[in-house]
*Asks:* 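Submitted below is the structure of interest, expressed as structure tokens.
Labels below follow one simple rule: chain letters A, B, ... track the order of the sequence lines, proteins then strands, and each chain is numbered from 1.
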2 protein chains.
Amino acid sequence: MSQSDTVQRILDAAEVLFAQKGFAETSLRAITSRAGVNLAAVNYHFGSKEALIQAVFERYLTPFCQALDAKLQELEGQGAADLEKLFGVASRLALGSHGDEPRRAMIFFRLSGQAYSQPQDHLRAYLREHYGAVFRRFLALLRTAVPEVPPMELFLRVHFSLGAVIFTLSGMESLQTISKKDFNTDITAARITQQLLPFVVGGIRG
Amino acid sequence: MSQSDTVQRILDAAEVLFAQKGFAETSLRAITSRAGVNLAAVNYHFGSKEALIQAVFERYLTPFCQALDAKLQELEGQGAADLEKLFGVASRLALGSHGDEPRRAMIFFRLSGQAYSQPQDHLRAYLREHYGAVFRRFLALLRTAVPEVPPMELFLRVHFSLGAVIFTLSGMESLQTISKKDFNTDITAARITQQLLPFVVGGIRG
DNA sequence: AGCGGGGGCAAACGTATGTTTCAAACGTTT
DNA sequence: AAACGTTTGAAACATACGTTTGCCCCCGCT
């Protein structure tokens, strides 16, 4: 076949390893070894490690953003939508827009966390350029949902929310470990994400 | 002198560079070059790069946690304190407990973000062991402030808040860049942190 | 004055990384 | 079946890193 599955195997392995250990700490050798392909395959198919990182994000983000954009357009047609509805849609889409389990989503949020707290300027620029439009559409809908919050403050609070979500889903397993130790309670990932919604809504309202 | 200032120069340089570029991406050569000391000085004074990372955190966190602990004890004596008071104290202390400008605090929050989203397990363990007590004291006071929120949910929401704060202060300058581009408005760091308080309080209340 | 040791210095060491090379294997087309 | 472009394979390459090594200087001591 002209488009072998080597590319997909590499992306799968890179996605998991990047999320587990970070970009810089994950070597191409670790990726290709896990993927069961030759070391040179990465540079052959992607050109460089940097391009591989972008490809990992693109594979996840493009279908998600397309789905979200469609949903948002639909909501725009229906008139006003409240906060719970908007964030509920985004959350459901983020956790389930890919056929597979929400594990994929957790992995991806870990990746996003790394992208933000690390100096991957090329990545930030890339993300802004390719997916900024959906974000602005979402923000516009939010504005009609809470007209009492000034646009600037709303903008900031959305970023705060993004931080809460990414940070939480990034450190999910440490959170589970701590809660088990301090509360003798096992807590599911679903429970945590479900708790995020009222927090975000409350925070946006201020 | 027996305790030269080389140690402090290294810590200063490492603090800034770690925050700017991350732990793995910052080489000892970059640190010692910025500090104006010899490359071998790091391994001589600290033993290893890993130990240097811990030392950077310790130098910042120890005075902060001591100050916070004292304040919290004081508040415990005075009976009930509300959410705004508690987070206000923590925020003021975090931003100003070191004589220097809040720039230090921003740097440090960037560091914390990296510590959480990267695989520095040794660091996470170290932080939990040394500063976990203050965190639990804070949580206990919060519980009396919002008794209507179940302990488990409160615990989660505090972590959500931590995420919002760290994420925000980590990406402060990108936030400023975006806001300038999208709103034609210059926004100060002080303004952003000040906006964080109502968001967190609103989120905790749910 | 002589000595001893803590600290600084340049240089080197071993290793791991991203990338490149080039030949072999493969699949498709003629 | 032969020829071609595409993909894989093992090996090498150059480089950057953390760490270690000796040697030097300089200060406080007897």
*Asks:* Kindly say whether the aromatic ring centers of A/Phe57 and A/Phe64 come within a distance under 6.0 Å.
*Replies:* no

*Asks:* Select one nucleotide: of C/dT19, D/dT19, D/dC17, the one nearest the side-chain heavy atoms of A/Ser48.
*Replies:* C/dT19

*Asks:* Is the shortest side-chain N/O distance from B/Asn43 to OP1 or OP2 of D/dG18 below 4.0 Å?
*Replies:* no

*Asks:* Just how far, in rounded Å, is C1' of C/dT17 from CG of A/Leu52?
*Replies:* 15 Å

*Asks:* Does a side-chain heavy-atom distance below 4.5 Å link A/Phe23 with A/Leu111?
*Replies:* yes

*Asks:* Just to be sure I understand the rule, does A/Ala40 reach a base, reach only the sugar-phosphate, or reach nothing, if contact means heavy atoms closer than 4.0 Å?
*Replies:* base

*Asks:* Can you tell me which nucleotide in D/dG9, D/dC17, C/dG18 comes closest to the side chain of B/Arg29?
*Replies:* D/dC17

*Asks:* Over how many whole Å does the gap from A/Glu25 atom CD to C/dA16 atom C1' extend?
*Replies:* 14 Å

*Asks:* Report the distance from atom CG of B/Leu28 to atom P of C/dT15, rounded to the nearest whole Å.
*Replies:* 18 Å

*Asks:* State yes or no: are the ring centers of B/His159 and B/Phe135 separated by less than 6.0 Å?
*Replies:* yes

*Asks:* Taking the ring centre of each residue, are B/Phe167 and A/Phe167 less than 6.0 Å apart?
*Replies:* no

*Asks:* When all nucleic acid strands are considered with a 4.0 Å heavy-atom cut-off, which category describes B/Thr26: base, sugar-phosphate, or nothing?
*Replies:* sugar-phosphate

*Asks:* Expressed in angstrom and rounded to an integer, what is the separation of B/Glu50 atom CD from D/dT19 atom P?
*Replies:* 9 Å

*Asks:* Between A/Asn38 and D/dT7, does any side-chain N or O lie under 4.0 Å from OP1 or OP2?
*Replies:* no

*Asks:* Under 4.0 Å: is that the gap between some side-chain N or O of B/Ser27 and OP1 or OP2 of D/dA16?
*Replies:* no

*Asks:* So, is A/His45 near the phosphate of D/dT6, with a side-chain N or O under 4.0 Å from OP1 or OP2?
*Replies:* no

*Asks:* Would you indicate which nucleotide in C/dG8, C/dT19, D/dG18 comes nearest to any side-chain atom of B/Lys49?
*Replies:* D/dG18

*Asks:* Measure CG/A/Leu39 against C1'/C/dG18 and give the value in whole Å, please.
*Replies:* 8 Å

*Asks:* Going through the checks in order, is the salt bridge (Lys or Arg N to Asp or Glu O under 4.0 Å) test met by B/Glu84 and B/Arg205?
*Replies:* CA-CA 11 Å; B/Glu84 282 86 355; B/Arg205 293 224 169 84; 3.6 Å; yes

*Asks:* Of the listed nucleotides (C/dT19, C/dA12, C/dG7), which one gets closest to any side-chain atom of B/Tyr44?
*Replies:* C/dG7

*Asks:* For B/Leu17 and D/dG18, what is the distance between atoms CG and C1' respectively, to the nearest whole Å?
*Replies:* 16 Å

